[in-house]
Amino acid sequence: MWVQFIPFLFALWAALVTANITTYPPPSIYGVSSVYELSVNGVPVPAVAYPGYDYAQLSMDEDQNTKFAVTIKNGTAIDSYSITPKSLDIKASVSGDTLSFSVTKAYYLILKVNGQKEFVIVADPNETDVPPSSGQGIYNVMDYQADNTGTSLTSGVQDALNAAGKASGGIVYVPKGIFLVGNIIIPSRTSLYLAGGSVLRFTGNPADYNQLYNKPGLGPGTWWIQTAINSTDCKIYGRGTIDANGYGYQQGKHVAQVIVPVGTKRFIADGPLIRESSFWTIVPTQSEDVQLLNLKILNRLDMVQNDGIDAVECKGVETRRVIAIANDDSFSAKTWPYDADDIFSAYPYSPLPQSNISFTDCVAWTHCYGFKVGQGVYQYQENIVFEDGTVYKGAVGIGIDHKYGDGVARNVTWRNIVIEGLGYTNLPGVSTWLAILVELDGKSVGPIENLLMEDIRIYDLGKTSAPIKGYNSSVLVTNTNLNNIYLNDDTTPTTNMSALKILHMHTLDTTLTATSSSALTG
Ligand SMILES: *[C@@H]1O[C@H](CO)[C@@H](O)[C@H](O)[C@H]1NC(C)=O
Ligand SMILES: *[C@@H]1O[C@H](CO)[C@@H](O)[C@H](O)[C@H]1NC(C)=O
Ligand SMILES: *[C@@H]1O[C@H](CO)[C@@H](O)[C@H](O)[C@H]1NC(C)=O
Ligand SMILES: *[C@@H]1O[C@H](CO)[C@@H](O)[C@H](O)[C@H]1NC(C)=O
Ligand SMILES: *[C@@H]1O[C@H](CO)[C@@H](O)[C@H](O)[C@H]1NC(C)=O
Ligand SMILES: *[C@@H]1O[C@H](CO)[C@@H](O)[C@H](O)[C@H]1NC(C)=O
Ligand SMILES: *[C@@H]1O[C@H](CO)[C@@H](O)[C@H](O)[C@H]1NC(C)=O
Ligand SMILES: *[C@@H]1O[C@H](CO)[C@@H](O)[C@H](O)[C@H]1NC(C)=O
């Protein structure tokens, strides 16, 4: 009985688009949170049940007070809570079973209430670039006989993309509904718009996908949604959901990278919510000028190898305002060699170096690294910046794991990062806010040069020491500058290496300085 009730409830929520917020009706395939209820400006916002944490998505007008009220469903009084990012310093009040707070900007928040599973609330500013659902240059998938009921594999989405591609580009419009799709290839100058309430869903049946490569240990893999190779100006946007439906797929020894801009220029992904990836989720590969904006990567913590974003061999990837929840690394940058028996066999070009990669205003929750370079550094990687970020929880907050390859990793900056919690251990015994490592696992080792960690606030140092470690006296970590590193809520930075548990060896020029005596703000 209850199960039949769910679609009705979501339908009711869908109708309520008012009071300067917009909610999106999740389809009935998703359960309703049994722990949390959310209302925003008095309007109910659907809370979706998910393994490990629950989540809710909405859009809101900014620059005015928007009031959030989170209620524990079974009426238990709230006796403890936290709101991530802590750096926002959101003041909340509790009344019985309800936690209330107001904000004037849209944020991606992680709430922990009463020791219950976390509640992830992803709010965006209201959409400004909504295309019409039909008209000149618009290719509505319903005009290509797409099945929007999620009952059968549909080619309508790809047919619409092909039609747009043939016309030298256009906007493919995906309305509310569930679309089970095979491999999707976006042609040049074509945008895939996913309206709020739309779900592109992976079927989970290997026969529906091209097996493009092998992932050692996991099985054959595909790129689920990719750009055409040698394309330009492809885009995915809107507030729909991209459901990689990956749990069973990974258990069945298959994997799929979810969004793969590959051999492309000026790709943009802006806005969708992406869930349950069976492998690396968004993987800009051998591409230039990529922008990844306002993305909500909600993977499961009880899977493996499901990194949030991995920039691989690109020139120019800007990631901004993204939350990535994953068992494996939330945000990372890698370069790899050609290997016919590995994922790289599908790459369009010979191995390339990587440069100009930035991750700004991002939230990480992972059992591995929050903000990382590596493990592959086969070709050089340079000018990589992680800025204004938060690690809610991880095994390692920030770092470089130079484990494979003899390339140099150089000019890497982490600035204004808050590490709220650690405690997971991805590798036996590793739990630390910082790890800079040159390791040998394969044929070769390479150096690390010119690192800056600045304005870092650490609430959890982790259980083990923070290594800054070259390989030997000729493969070093050179020129590491730590500046303004704060512990807990201290207003003055520390200059005590042991207080930060830093252990360094095979390094040259490692400094810890304090140039600011004022408190860090947001
Ligand atoms: C909605 O926003 C407008 C300004 O953007 C404001 O005048 C109005 O009072 C708001 N309405 C509600 C219900 O918050
Ligand atoms: C928010 O955007 C949606 C979609 O464009 C629009 O229908 C709605 O009116 C907007 N809401 C506000 C309060 O501006
Ligand atoms: C509410 O849920 C919590 C956690 O599941 C449980 O410990 C508590 O007993 C429940 N309270 C009631 C009144 O059902
Ligand atoms: C991409 O362009 C390169 C260089 O022009 C060409 O060699 C290659 O065949 C192209 N690949 C595809 C898939 O079009
Ligand atoms: C770095 O990448 C960004 C985003 O892709 C691009 O806009 C910018 O021009 C690039 N800068 C350099 C110096 O290459
Ligand atoms: C890397 O940083 C060093 C030292 O800060 C600087 O001299 C060099 O120009 C930088 N290299 C690149 C490629 O930006
Ligand atoms: C450091 O290790 C590398 C890789 O094994 C080796 O080639 C090099 O000779 C070593 N240097 C020293 C001083 O041992
Ligand atoms: C540095 O930190 C260590 C470990 O917390 C502590 O034992 C030591 O007293 C500190 N040294 C100074 C000079 O504060």
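Values in this document were obtained by computation on a predicted structure and should not be read as measured data. Ligands are counted one by one from 1 in listed order, and the atoms in each one are counted from 1 as well. Position 1 is the first residue of the sequence, and the numbers go up from there.
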I need the atoms of ligand 7 closer than 4.0 Å to a non-hydrogen atom of [X], numbered in the order shown.
| X | answer |
| --- | --- |
| Val445 | 4 (C) |
| Ser473 | 13 (C) |
| Tyr471 | 2 (O), 5 (O) |

Taking the side chain as everything from C-beta on, heavy atoms only, tell me whether [X] gets closer than 4.5 Å to [Y].
| X | Y | result |
| --- | --- | --- |
| Val262 | Trp223 | yes |
| Ile485 | Asn483 | no |
| Asp342 | Asn214 | no |

Would one find an N or O of Ser474, backbone or side chain, under 3.5 Å from an N or O of ligand 7?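 Yes; the residue has a nitrogen or oxygen that sits under 3.5 Å from a nitrogen or oxygen of the ligand.
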Does any N/O atom on Asn472 come nearer than 3.5 Å to any N/O atom on ligand 7?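 It does: an N or O of Asn472 is found under 3.5 Å from an N or O of ligand 7.
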Next on the checklist: Closer than 4.0 Å to some heavy atom of Val290 - which atoms of ligand 5 meet that?
Outcome noted: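 Every atom of ligand 5 under 4.0 Å from some heavy atom of Val290: 5 (O).
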With atoms numbered from 1 as shown, which atoms in ligand 5 lie under 4.0 angstrom from a non-hydrogen atom of Asp289?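 Counting from 1, the qualifying ligand atoms are 5 (O), 6 (C).
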Any side-chain to backbone donor/acceptor pair from Thr84 onto Leu109? Under 3.5 Å, distance only.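 Not confirmed, Thr84 side chain does not pair with Leu109 backbone.
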Measure from the ring center of Trp365 to the ring center of Tyr53 and say whether it is less than 6.0 Å.
->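 Between Trp365 and Tyr53, the centre distance is under 6.0 Å.
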Item to check | Aromatic ring proximity, centroids under 6.0 angstrom, Phe331 and Tyr369 | outcome: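 No; Phe331 has its ring centre 6.0 Å or more from that of Tyr369.
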With a cut-off of under 6.0 Å to the ring centre and 45° to the axis, is Lys501 in cation-pi contact with Trp433?
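No, Lys501 does not lie over the aromatic ring of Trp433.
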task = For atom NZ of Lys265, decide whether the heavy atoms of other residues, nucleotides or ligands shown that lie under 6.0 angstrom number more than 12.
result =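 Open: at most 12 neighbouring heavy atoms sit under 6.0 Å from NZ of Lys265.
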With hydrogens left out, which residues have an atom under 4.0 Å from ligand 6, given that only heavy atoms count?
->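 Lining ligand 6: Glu382, Asn383, Asn411, Asn450.
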- Given Asp289 and Lys315, is the salt bridge (Lys or Arg N to Asp or Glu O under 4.0 Å) satisfied, shown in steps? CA-CA 7 Å; Asp289 291 330; Lys315 245 195 220 167; over 6 Å; no
